[in-house]
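Numbers restart at 1 for each chain; the letters A, B, ... are given by sequence-line order, proteins then strands. Because the structure is a prediction, the values reported are computed rather than measured.
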Amino acid sequence: MSGRQWRQLGKGLAFVSPWLAGFCLFMALPIGMSLYYSLCDYSLLKGPLFVGLENYAELIWRRDPLGRVGDPVFYQSLWNTMRYAAMALPAGMLVSLGLALLLNAGIGGQSIYRTIIFLPSLVPVVASAMLWMWLFRADPKQGLINGVLEMLGVTGPSWLADKTWAMPSLALMSLWGVGHTVVIYLAGLQDVPRELYEAAEIDGAGLWRRLWHVTIPMISPVIFFNLVMGIIGTLQVFAVPYIMTGGGPERTTYFFTMYLYDNAFNYLKMGHASAMAWIQLVLILLLTGAAFWSSRRWVHYQGK
Amino acid sequence: MFRRVARFVVLMVLAAGAAAALLHRPKHDVRPAPGAVVVTYWEKWTGDEGAQMEQIVGEFNDTVGRHKGIFVQYLSVSNVNQKTLVATAAGVPPDVAGVWDGQIAQFAAMDALEPLDDLAAEHGITEALYKPVYWRACHYEGRLWGLISTPACVALHYNKRIFQECADALRAAGLDPDRPPRTLEELDRYAAVLDRKRPGTDRWDRYGYLPMEPGWFLVHTAYWFGGSIYDEAAGRFTLTDEPVVRAYEWIRSYSLKLGRGSMMEFVDSRGAYASPQNAFLVGTVAMQQQGPWMANTIESHRPAMNRWKFGAGLSRPEKLAEEVKLSSEERRANYEWGAAPFPSVGGEIVTYAGFDVLVIPRGARHKREAFEFIAYINRADVQEKLCSLHCKNTMLRSVSDEYIRNHPNPYIEVFETMASSPAARGIPPIPIWPEVDAEMAQVAQKVYLLTQEPRAALEEAQLRLQAKLDQFNRRQQQRRTREASR
């Protein structure tokens, strides 16, 4: 490099140095430290005690006092998280895509409907959780859902206190916040060239064929984006179950992040919590990697 | 014209703001005097309790603080236990932190606290001042780690109005509607009579008693059955001991009687504790375990229950002024509810005695000054005042007649007596208490939702918790060995 180029590099680095310093100090260093702490017994107050892979062993493969492989609460929280992801992710994507398609249909008052659908996403999580707790109340005199069901002659369940219904209830409630996804879908839908629909129509394609052969392939990058964000989001769900069920009944809605939080801040087992955080990272990477791998078969980018 | 009007409106708003600020200015000094040592005090309380503690802090600053050059700065902090710990680890702890009894063993074992034995002795704060149950619970491994701000204990609360409405049925069952149950067997019989179904449906609309309402003390249920979940001397859990198993079988008996569906529906639909929908306040539950603060909760959310016979139109101070003139019995008759020791198997007066505790985190900068404040809170007159404001009993061995007479809870004597009982029990000194609490909550859920037999659930919990405690102790030992070898 010439002297001028070195000077330019120096200037460039000087300009990005606040960000670089911030990244190293507040991201890279804590991430590195958490990896080290995951190999320690650490309660914040006393120096970390190196225990090797003990934390991982306890969580994943060592038999517990009852002879079960790994920590049963860890596996239960993992299973709950996966169950929730399997319910909330497809449901959220389908509902938001359906709403976006309806909003894109060119009906009058579109902006009003768009606002109405987006509005719930602006309600703070705590407020919407409290609202849904009231809706889900088992007593038909108090809970709106069971009140309506009773009017129809159906006895509603104890939505949040019954092991069978607690998880589906949380998944149902997650649909409340699909506004953001709808807006992203809507932007994708409005980018689909009109000529493609016209050509399909001339070829005799009906509504369903136009959707399947034109709309879906054309917005597949948007679907892919929402899928990846959804995977990350559902695997990190915390606030809503923390408020609505506290993980109950009998830990059926106790999520991975809740157990991680309890380990870190209630039980002061930072080493355990760090190990869980790394396991979560690996899981998210694996699932996102799988989504990227599969995307080669079904995501179509314009211009490729 | 518009600009002139706008200017006038802005001026008026500013003037109103200034007037409001002047009217509502703090009654106590909010700034330290020059040269005063500022003691930072983190506390969990907000709302009324926060304001009442701030009042006490202000009085300290105006009196002892002014004299000794100490200024206590009160700060309400959510999740105060977690934040205190993080701040302590970071080397910038508050000088005083108000945490819960369950944290004493946990924090002390983690070396997060300053021991207070010497400072307490210097200030003349000894066992002689405290009720034994509270003094014991402030200790861990023989050392004093905190002193109490406000204690409490648990009693049976019963709805006298419901008892009277069901008087005939109670008498028919051989029970007295004019008094609370005195044995556990009687409690079950009272509860069975008071249970009621909504007309024309299969749903219960009133429960005589439900162990899970409010359910805060389920982990301590074994105390009333003559047992405990932990043997302090041996350092071992005792979850499979017969009294503990019997306690959980008793919890289960209510689910068997009322049905699993009813338990789920109740848990799902009950109103929040601090709300007018509270199950005891609306009469959905006729008897429950609660602390002395219940009188305040009722006053805030259903004041009519504190004005059963007279005082309907009176404010609280006016009503209390009227009640001071009455005998204890006459005063209690004005309350729609009553409080009595929760029945126990052996017939002794048993209670769980819990408390809020003031600690000095390790590394606090102004330890001595912080303790001046803690000692002030432990002064008999201050303790009586604070506990009256918070509607709790005191940790004092003896209290004044004035305190009893003016206390907002007409049953405060019952609570003072219960906390003084030799059979009063505090929280077990277990350094992994939060894990114990979480695990035992699971046992309780499995039992009252009839998912698992009590004995099986307790056996599992015993193995899991003992393994966790053993591991904790092993690692503590490893640390000590490492430190010794350095």
With a 4.5 Å cut-off on side-chain heavy atoms, are B:Met110 and A:Leu44 touching? no

Find the distance between CG (A:Leu49) and CZ (B:Arg482) and round it off to the nearest 0.5 Å. 5.0 Å

Residue part contacting chain A, namely of B:Asn79, when any heavy atom lies under 4.5 Å: side chain

Should the heavy atoms of other residues, nucleotides or ligands under 6.0 Å from CH2 of B:Trp204 be counted, would the total exceed 12? yes

From the list A:Asp64, A:Asp139, A:Asp262, the residue making the most non-hydrogen contacts under 4.5 Å with chain B is A:Asp139

I need the B:Gln277 CD to A:Trp134 CH2 distance, nearest 0.5 Å. 4.5 Å

Contact check, side chains of A:Asp41 and B:Gln478, non-hydrogen atoms, under 4.5 Å: no

The test is side chain to side chain contact (heavy atoms under 4.5 Å, CB included); show your working for B:Arg464 and A:Asp71 and say whether it passes. CA-CA 10 Å; B:Arg464 279 176 58 78; A:Asp71 175 358; 4.0 Å; yes

At a heavy-atom distance under 4.5 Å, which candidate from B:Arg362, B:Glu460, B:Gln445 has the highest pair count against chain A? B:Gln445

Please round to the nearest 0.5 Å and tell me the distance separating atom CG of B:Leu449 and atom NZ of A:Lys163. 7.5 Å

From A:Phe265 CZ over to B:Asn81 CG, what is the distance, rounded to the nearest 0.5 angstrom? 11.5 Å

Per-residue contact mode, A:Glu250 against chain B (heavy atom under 4.5 angstrom): both

B:Leu463 portion near chain A, given a 4.5 angstrom heavy-atom threshold: both

Using a 3.5 Å distance criterion without hydrogens, assess whether the side chain of B:Ser269 forms a donor-acceptor pair with backbone atoms of A:Ala138. yes

Region of B:Glu459 that comes under 4.5 Å of a non-hydrogen atom in chain A: neither

Per-residue contact mode, B:Gln476 against chain A (heavy atom under 4.5 angstrom): side chain

Count the heavy atoms of every other residue, nucleotide or ligand shown that sit under 6.0 Å from CZ of A:Arg62, and state whether that count exceeds 12. yes

Name the region of B:Gln471, side chain, backbone, both or neither, that has any atom closer than 4.5 Å to a heavy atom of chain A. side chain

Contact class of B:Arg270 relative to chain A, heavy atoms under 4.5 angstrom: backbone

Hey, are B:Arg475 and A:Glu54 close enough for a salt bridge, meaning a charged N less than 4.0 Å from a carboxylate O? yes

For residues B:Ile432 and A:Lys269, determine if any side-chain heavy atom of one lies less than 4.5 Å from a side-chain heavy atom of the other. no

Between B:Ala441 and chain A, which part of the residue has a heavy atom less than 4.5 Å away: side chain, backbone, both or neither? neither

So for B:Ala109, is it side chain, backbone, both, or neither that comes closer than 4.5 Å to the heavy atoms of chain A? backbone

Write down the atom of A:Ser158, the atom of B:Gly261, and the distance for their closest heavy-atom approach. OG-O, 4.3 Å

Is A:Lys141 salt-bridged to B:Glu265, cutoff N-O under 4.0 Å? no

Find the one option among A:Asp162, A:Asn263, A:Thr245 whose heavy-atom pairs under 4.5 Å with chain B are most numerous. A:Asp162

Test item: side-chain donor near acceptor, A:Asn266 and B:Glu435, under 3.5 Å: no

